[in-house]
Each structure stands twice: as structure tokens, then as C-alpha cells.
There are 2 protein chains.
Amino acid sequence: MDKAGFIAAADRQCQQQGVKLTALRRQVLELVLAHEGVVKAYQVLADLQRERGIAAPPTVYRALDFLVEAGLLHKVDALNGYIVCSHVGCCHEGLILVCTACGSVNELEAAPALDTLRQQAAAQGFAIAQQNLLLTGLCQACRV
Amino acid sequence: MDKAGFIAAADRQCQQQGVKLTALRRQVLELVLAHEGVVKAYQVLADLQRERGIAAPPTVYRALDFLVEAGLLHKVDALNGYIVCSHVGCCHEGLILVCTACGSVNELEAAPALDTLRQQAAAQGFAIAQQNLLLTGLCQACRV
DNA sequence: TTTCAAATGTTACTATATAACAGCACCATT
DNA sequence: AATGGTGCTGTTATATAGTAACATTTGAAA
């Protein structure tokens, strides 16, 4: 999906959810979209400062939290970063593959795998929540 | 496994791997063992300072990195913390279930699930590395 | 006993994230 | 229009996490 299309889809999704994609949030989303792969909060902060003069960390973190909550971004804990959700509007659980060599990210549907894991966990009385699955490895280009 | 048993197993495992469980590393391991569930690096640092007077962050991070490398601890990225591996000597890939309500941790064998995921990823040309799988949810006690 | 490599100590710094409160914009009701 | 509430944003300060770079020690092999 191209950038404009993503923004449009984001608008629709926020409207559906009854939450507001404000100017600031949209600007932050655009800054994230402007990068390939994983983006760090402080990178977004720096970009935002270039565009608006000044900005403090909470401004960025709030917007990023909102976008994650709205299902538009995924937080990649292992890298302290964020990626654009490549399945906006259709999938709720992603299998996120991060290449440790080049940093590229690929998102697949994780629901089937998570169902299996859910059963395994349920056998221990553990109820796993809805979430993404992050795995690291080497992408096709970097496997050599 | 009790604490003493774990240390003994850790000794054996390090010897097998040809790496050294030095006094410092053992002390850090004991400090981690002294906690239930997830432990933070700076918590370990504080504990270490209580026991030895002074200690700086690199001291703790080096020891923790070593212990993770040796397969004795797992790093839990989502929580910026560490847990004791509950399958020392037998499993290399853990399915780590973290209860978001009480913070308790439960580690299962993840190899079968990861094999499936590995196949799914391989279909995209992605080779996932050996690793742990961290999932959050509610443990039996907290499900109500 | 010399010598090298690994481990640890030390200082300083960079990076990541949040608390707490202040101010503002919008809108709903009066 | 005034009132007041709610959610968003601004601002300051600080808490938490992690690493770079270099000095020093230690222990085992040559």
C-alpha cells in the first residue's frame, strides 16, 4: 500500500473505532511511514523537530502509543522501535519477521500459529492475550 | 529446581561449554535466582552494590550477557528484564508466558511451535534464528 | 617468569521512557 | 454567549536502560 493509501485507511480505521487521528498523530504517522522498516521514537522526535521547530519526548511517545493502540503501528520491543502495520483493517495478530542483518521487516498473519500456541498455553491454564509475534532471523536477501 | 541445584547445573553446563562461571558471574546468577519472575538489570546492580559496596552498570550487563549466552538466563525484551531458564541443559528454545496481572513467568518448550513458524517463514524466504518466544496473557491464578 | 588473553574496574556518556502539571481546544449544555 | 468537562498537547524535569572506551587485574599457557 502506498503512503497516501495508508493514511486514508488509517483515517477510516480511526473513524470506525471512534478515535481521532489528529493533525499531530497524522504527522507522526507520516514520519514513521517515511522510513523503511523499524523506526525509533527518538528518530521520529528528531524528524518532528525538523518540521516543527521544537518537540519533547512525551509528544512523540503519546502519538506512537495512540497509533499502536489504534492498530496502525506495531511496537517492536526487541528493537525499541516501531513498524507500520502492513495489514491495517484485516489482521489483528501479526507474525513480524525482523532481519538482523539489514533491519528489514516482513509481517505475516500469525493467527493460525497463535491458535496452536494458545492451546499449548491453555494446557497450563495460561490464557495468552491478543498480540504480535516477533521473530528475528535472516531475510532472503541476506541469507547469501 | 532449587537454587543450589540450579547453580550446580549451571556449573556443569558452563564446563561443558568450555566457558567460565567466575565468582562474579555466579554472584550475579545468585542475585537473579533470589527473585521470583522477571528481574531488571538495575535491580541486580542495586543488589550487587549492597553486597559488594560498589559496582557499575557494565559489570552487571557483562555478567547478564554471559549468562544469557550460556543459556542460563533468558532476556525478556518486552520487559527489559531477565528470567532464569527453567530448562537448563534440556531445551534451547523457550515459550515464555508472562502474566500481565501478577508478573509471574512460566516457561514451556517452544521448539515444536517454532518449527511450524519456521516453515511459515521459510515460505517467504526468511530463516528465523534460534530464539525464545515471549507471549503475554493471564496465568491461571489471575484469570478469575 | 614472562606473556598473552580474558575478565573486571572505572569513567563518562548515550539512549529510552515517563511523571507531573500547565494550558488549550472543542463540544455539549445551559 | 457563559459554563464546565474531556481529551489533546505543551513543558519541565527526571527516571530508567544500556554502551563506549580505556585502565587494571588475573590466571593459565608458553
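Each chain gets a letter, A, B and so on, in the order its sequence line appears, and its residues count up from 1. Worth saying up front: this structure is predicted, and the values here are computed from it rather than measured.
Between A:Lys20 and the phosphate of D:dC8, there is no side-chain N or O to OP1/OP2 separation shorter than 4.0 Å.
By the 4.5 Å heavy-atom criterion applied to side chains, B:Val68 and B:Tyr82 are counted as neighbours.
At whole-Å resolution of the value, CG in B:Leu45 and P in C:dG9 are 12 Å apart. Whole-Å rounding puts the B:Lys40 NZ to C:dT16 P distance at 16 Å. Distance A:Arg25 CZ to D:dT9 C1': 9 Å, rounded to the nearest Å. For the pair A:Gln27 CD and D:dC8 P, the interatomic distance rounds to 17 Å; values are reported in whole Å.
Between the side chains of B:Gln131 and B:Glu93, no donor-acceptor pair of N or O atoms lies under 3.5 Å. Checked by atom type, the side-chain pair A:Asp11/A:Gln15 shows no donor-acceptor distance below 3.5 Å.
At a threshold of 4.0 Å, the pair B:Asp65-B:Arg62 does not count as salt-bridged, since none of the basic side-chain nitrogens sits closer than that to a carboxylate oxygen.
When the options A:His74, A:Lys75, A:Glu107 are evaluated for a side-chain hydrogen bond (donor to acceptor under 3.5 Å, both in side chains) with A:Asn132, the one that passes is A:His74.
Of the residues in residues 47-84 of chain A, A:Arg52, A:Ile54, A:Ala56, A:Pro58, A:Thr59, A:Arg62 come within less than 4.0 Å of DNA chain D through at least one heavy atom, sorted by number.
Taken to the nearest 0.5 Å, the CZ atom of A:Phe6 stands 8.5 Å off from the OG atom of A:Ser86.
The base of C:dA17 sits within donor-acceptor range of the side chain of A:Tyr42, with an N or O pair under 3.5 Å.
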